[in-house]
Each structure stands twice: as structure tokens, then as C-alpha cells.
J.: 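Before I ask anything, let me first share the structure, which is written out below as C-alpha cells.
Lettering follows sequence order; numbering is per chain, from 1.
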Number of protein chains: 2
Amino acid sequence: MLETPYLLFLGDAPDSLAAKVAQGIKDWRPELAVGQLRLDGCNANLKIPDLTIEEAKARGARTLVIGVANRGGVISESWKAVLKEALEAGMDLASGLHNLLRDEPELAQLAASQGRKLHDVRLPSVKYPIANGKKRTGKRCLAVGTDCSVGKMYTALSMEKAMHERGMKATFRATGQTGILITGDGVPLDAVIADFMAGSIEYLTPDNDPDHWDLIEGQGSLFHASYSGVTLALIHGGQPDALILCDEPFRPHMRGLPDYTLPSLETLQDVALQMARIVNPDCKVIGVSLNTSAMDDEKAAAYIAEVEQRMQLPTVDPFRQGAGKLADALA
Amino acid sequence: MLETPYLLFLGDAPDSLAAKVAQGIKDWRPELAVGQLRLDGCNANLKIPDLTIEEAKARGARTLVIGVANRGGVISESWKAVLKEALEAGMDLASGLHNLLRDEPELAQLAASQGRKLHDVRLPSVKYPIANGKKRTGKRCLAVGTDCSVGKMYTALSMEKAMHERGMKATFRATGQTGILITGDGVPLDAVIADFMAGSIEYLTPDNDPDHWDLIEGQGSLFHASYSGVTLALIHGGQPDALILCDEPFRPHMRGLPDYTLPSLETLQDVALQMARIVNPDCKVIGVSLNTSAMDDEKAAAYIAEVEQRMQLPTVDPFRQGAGKLADALA
């Protein structure tokens, strides 16, 4: 669990895309970010106050979050100077980078001597149990995809927002690095040891109020040869009551697998439901979420309507329309 | 890859079951075991020569394999004396225990100073790739189960034996600790990081002769809430051409999950085939393997015949009958 609020470090991000973790925090948890810190050459801008370490500290920042992908997999000297200053000012550091903060001796020593924490959210910080398959109280909703990176995290975060607007009890449950940094907590599922995958999701989504929904961030796809095992562990550990089908239409092939085409939404529905009902016979598919970013407004609207008619399920592009329809379907 | 032949260390095994790893090596790779070493109080006996370290060394033993589960999760002082003697005699050590050889400072120091290896096969020793899903040459067969521990390893080893007897090209591919110690090589799949599970199986079963069969050791079950993700990664990394359905009839519930009943063989067939065909549309179910150890001979024979008739698939209990029928079905 990260201490909040955050100072978002954008470093020397070459473009906005490189700062997508910081952008995610600003979009979904704006109240957690007191400001941004940018170095010379930074081409990203979250349009929140530019703060020095000292100013951020004065505004209450507890953790500096590295909200940018680093170049060349190396934490540069110019970054390190800022990170050390943050530690000296009494902030923790949090990062989802592959190269770990804890592997930088200067940072590790300084954090230890200052009594500060280095959060490398790419790795699990918990010893997860083996899943026991027991029914939990409360409700769970999981986004499943035809492929990786089709908008499952965005869908779950949009649903949380729409549900809160409706006064419903809902918690986004992060299963990936970006989601963990956005919410300050979660399971980095792709880095969990095989035997403990499903157990880590049980741990993440414990007993809750009968009318509370966990919105579990999806990962991978049952149809993706590289990551399908992760997805099935998520389904069996999550015991979903409701599934959302996610798709990015007209992708030529599965992400990273040129020899594999994407399944139809109908096939995804059949297979995901069959696998989910092993652990929860009452599981239902309650809606469809489409990423239509490659289409213009008119085409997108027509396509969404077509899918809604074909699947006979509430269908949205949450980026264009919000996820109100899906929240209503859960209610 | 372990150096062979082995001296099998049975320690102070309280009964035969505690020495099942050693028994597995003796049953399936008798040519690899020069003898056994038993301490006072050992109640297991493989009926192979009892040897001292010195005698084993004289007969060419290269690795001492801990073929016994230790009591209390601790490598005792009486064990350590023997293990140190083996290292000093120039043997490597191999173990599938949870408590690792490398975590014992005396053993780690002695191995380093003697230039010997400590093989903790419970942990991966390879950095596996992400699966790429590409079609490989050669054929692959995978045993899938209604549940965990229904005889998948035994089935694959029996098939290898029957295929070799028929002059067919076949290699058992171990995916668990016991299988790795039996064959000296393999992937400890349950200890692999989530993202690399399917890739580890691609690594284990590379391109081969067109008429060569890899017999991949199954793990878990698609229907087991704790481990199903491991099983799906095995299916998608293995790209099986043939599946064997494994079952232990009349189990009251899934292993370790009192709230879950086992699926029928028909349901297993449907679901496993559907998931396998995502990566290999030509995959077929070619037989059934039953563990009828709880039945007498007559009941077992009747039950096997009944299942064969019902499923219209070659059906055996490999422990009672060998796996000749399954080998013939692959041919």
C-alpha cells in the first residue's frame, strides 16, 4: 500500500505516451496528485502544478511516483538526483519499472538510512496463499478480452467511476503495474509464481458487503497462447459474478502472435462463461466494452449499435461514452 | 541437466511413501541408479544394492539424489553428514525439497570449494522466454486430468515405455519435481513466474523429428480452482496434437477443494479439446487413462470396459495393464 498523496515524476519523457502511468493517475485519481515534476527535455505535461521536491513536500506529498517509462532500461543520473532529493525530504519512492529501485545501491542505502520505502510494484510484496476456491461474500466483476491490451483496465476504471456516480459500492482491484500505481495497491499478477496466481486474486478480492462490487482488472486473454494461464487463474481466483467482454475491433492478429487471429465476441462469451461457471455457476455476461479509437465518431456509433444488436448486451466504448450502461447492467 | 548415474539417498524414510521419488527413479530409470543409501531407522527399501558413498563413487555415481521427503521441513544433521561426504567424494547433490540445499551454508560452501553443483529442482534454473505460439515440428501428447494427482505422470511414463518397446521415438518431458529427478531434466512449472509459464513449455518441447512424440507431464486440472492457470499454460505452451484424459473414479471432491466435485470425462474432453484447438486445430483426444487403485481386479476390469464403451476411446489403467493401447492409438 503506497502512502498518498503523490508527486508525479515525469522525468525527461520524450512524449505523452511515455508518461502514461502519470496520465492514468491524473485521469483516475486526480485527488492523489499534488503536482508534477519535469526535467529539462520533458515533452509530457499533465497540466497540474509543476512543483519542486520542497514545494511538493510542503503540499503534503508522501510518495514520489515514477510515472514515466525510462529510456534504455537504466535509471539515469539526472533521475537519481531527484529521487535522492525526494528520499532526503522524507518521501517514499514508487516505480513500475523493470529495473528496480532496490537494485540501485545509492537509492537503497539512502532509503534505509532515512527510513523510507522503495516500492517496486512490478514485483509482489506479499507471500500469497494457494487458492482455496471458497465462496466469498460481496460481488465481483471481471473484464475479459479477445486479446491483450484491448481496454480491460480502462473499462474497469470507467465502471468504478460510473458506479460511484450512481452511489453504488465499487472498488477497482488492480492486477497490473499501472493499475497498482493508480490506486496504490494491487497484485502484479504477471510476476506471481504459477502456483499462487489464483490465490493472489482471492487475496485481492476478499469478503465484502453483499452489495459491494469488486471491479477486477483483467489481464491477457484465454485465447492468447503466451498469457492464457494468467487469465484463467484470474477467472478462477476472482470467482466473477459478472463478466464484461472487451474487444478492439478489426485487429489483424493477436498481440505479438502474427499466426493467431482474434476470436469473435460470441466465442469469447461462450468460453469465458464456461470457465467462470466452474467456480461460480451463476456467473453472467452483462455487457460489452469496445475500444473504437481507430474509428471516427460516426463509424464508432454505428459499430457499437451493431454489436449491441448482435450480442443483445449493453455495449459501450467507455472512452467515448463512459461506462454508465455497464454500471446500470450491474445494478 | 543432472549428471548420471545416481546414488539414491533414502535417509531415515519412515515408510515407502516417503521415498516415492527414489521409487520413481528405480521404477522408470533403473539404469540410472547404482544403489541406495539408507540411514538407521529407514523403513523404505528399493531392493537395489545398499552402498556407502565410497562404494557408490567406485561404481561411477555422479549425483546423490535425495529421494525422500524430509521430516519437519528441515535438512537434519544426520542427513548433512552424508551430503557433505558425497560432495567431498566429488558428487553433485540433487533435491526437490522445499527447503533448498543452497540455503544450507555448510553445503553451499563445501560445494563451492569442491566445484560441485547443488541442484534444487524445485526452482527453475533457466530464464524462460515468453511463449511465441509458433508451430513446432514433431508431435506432442499431453495428459489432462479431471483433477490433480490422478496419474498423469504415471500415464506419460508408461506411454514412453510402451512406445520405446514398439520402436517409436518418444521422450517423457517432466514438468514437476519428481519427473525432473526421474529424468534428470525438465521444467518445475509450478514455480515458474506467471508470464513465462507457456514459454517454459515451448522451451521444454522444441522442434523435433516429424515422427517423434514428446510425452508432456500434465499438471493440475482446467477444473481445479487453485491450479487451472498452470494447466492452461501447459496446454497452450505444449500445443498438443493428442490428449489423454486421466481420471481417478469416484473421488468425492476435487483435491484440497471440498466444495468442488470432479467433472465427467465427457466435460473434460469437451473443455480440454476446445482450449487445445486454440493453438492446434488438429488436436484430438486419443485415449483415457484411469487410476483404479481403489478397486479390486474384477471391478477395475469391468469399470475400464464400461468407460471404453461409453467414451468410444482406448482406455487403460496403465499401472495394471501398461499403456500399450495408448501407444498404439498414437501410432
J.: At a heavy-atom separation under 4.5 Å, does A:I278 approach chain B through its side chain, its backbone, both, or neither?
T.: both
J.: Taking all heavy atoms of A:A198 and all of B:A225, pick out the closest pair and write down the distance.
T.: CB-O, 3.4 Å
J.: How far apart are the closest heavy atoms of B:M197 and A:A194, and which atoms are they?
T.: SD-CB, 3.5 Å
J.: Answer with side chain, backbone, both or neither: which region of B:M275 has an atom nearer than 4.5 Å to a non-hydrogen atom of chain A?
T.: side chain
J.: Considering only heavy atoms and a distance below 4.5 Å, find which of B:L234, B:V192, B:L189, B:I235 pairs most often with chain A.
T.: B:V192
J.: For chain B and chain A, what donor-acceptor pairs lie under 3.5 Å, backbone included?
T.:
from   : atom 1 : to     : atom 2 : distance (Å)
B:A131 : O      : A:S226 : OG     : 2.7
B:G133 : O      : A:Y260 : OH     : 2.6
B:D190 : O      : A:D195 : N      : 3.2
B:V192 : O      : A:A194 : N      : 2.8
B:A194 : N      : A:V192 : O      : 2.8
B:D195 : N      : A:D190 : O      : 3.2
B:S226 : OG     : A:A131 : O      : 2.7
B:S228 : OG     : A:H236 : ND1    : 2.6
B:H236 : ND1    : A:S228 : OG     : 2.6
B:Y260 : OH     : A:G133 : O      : 2.6

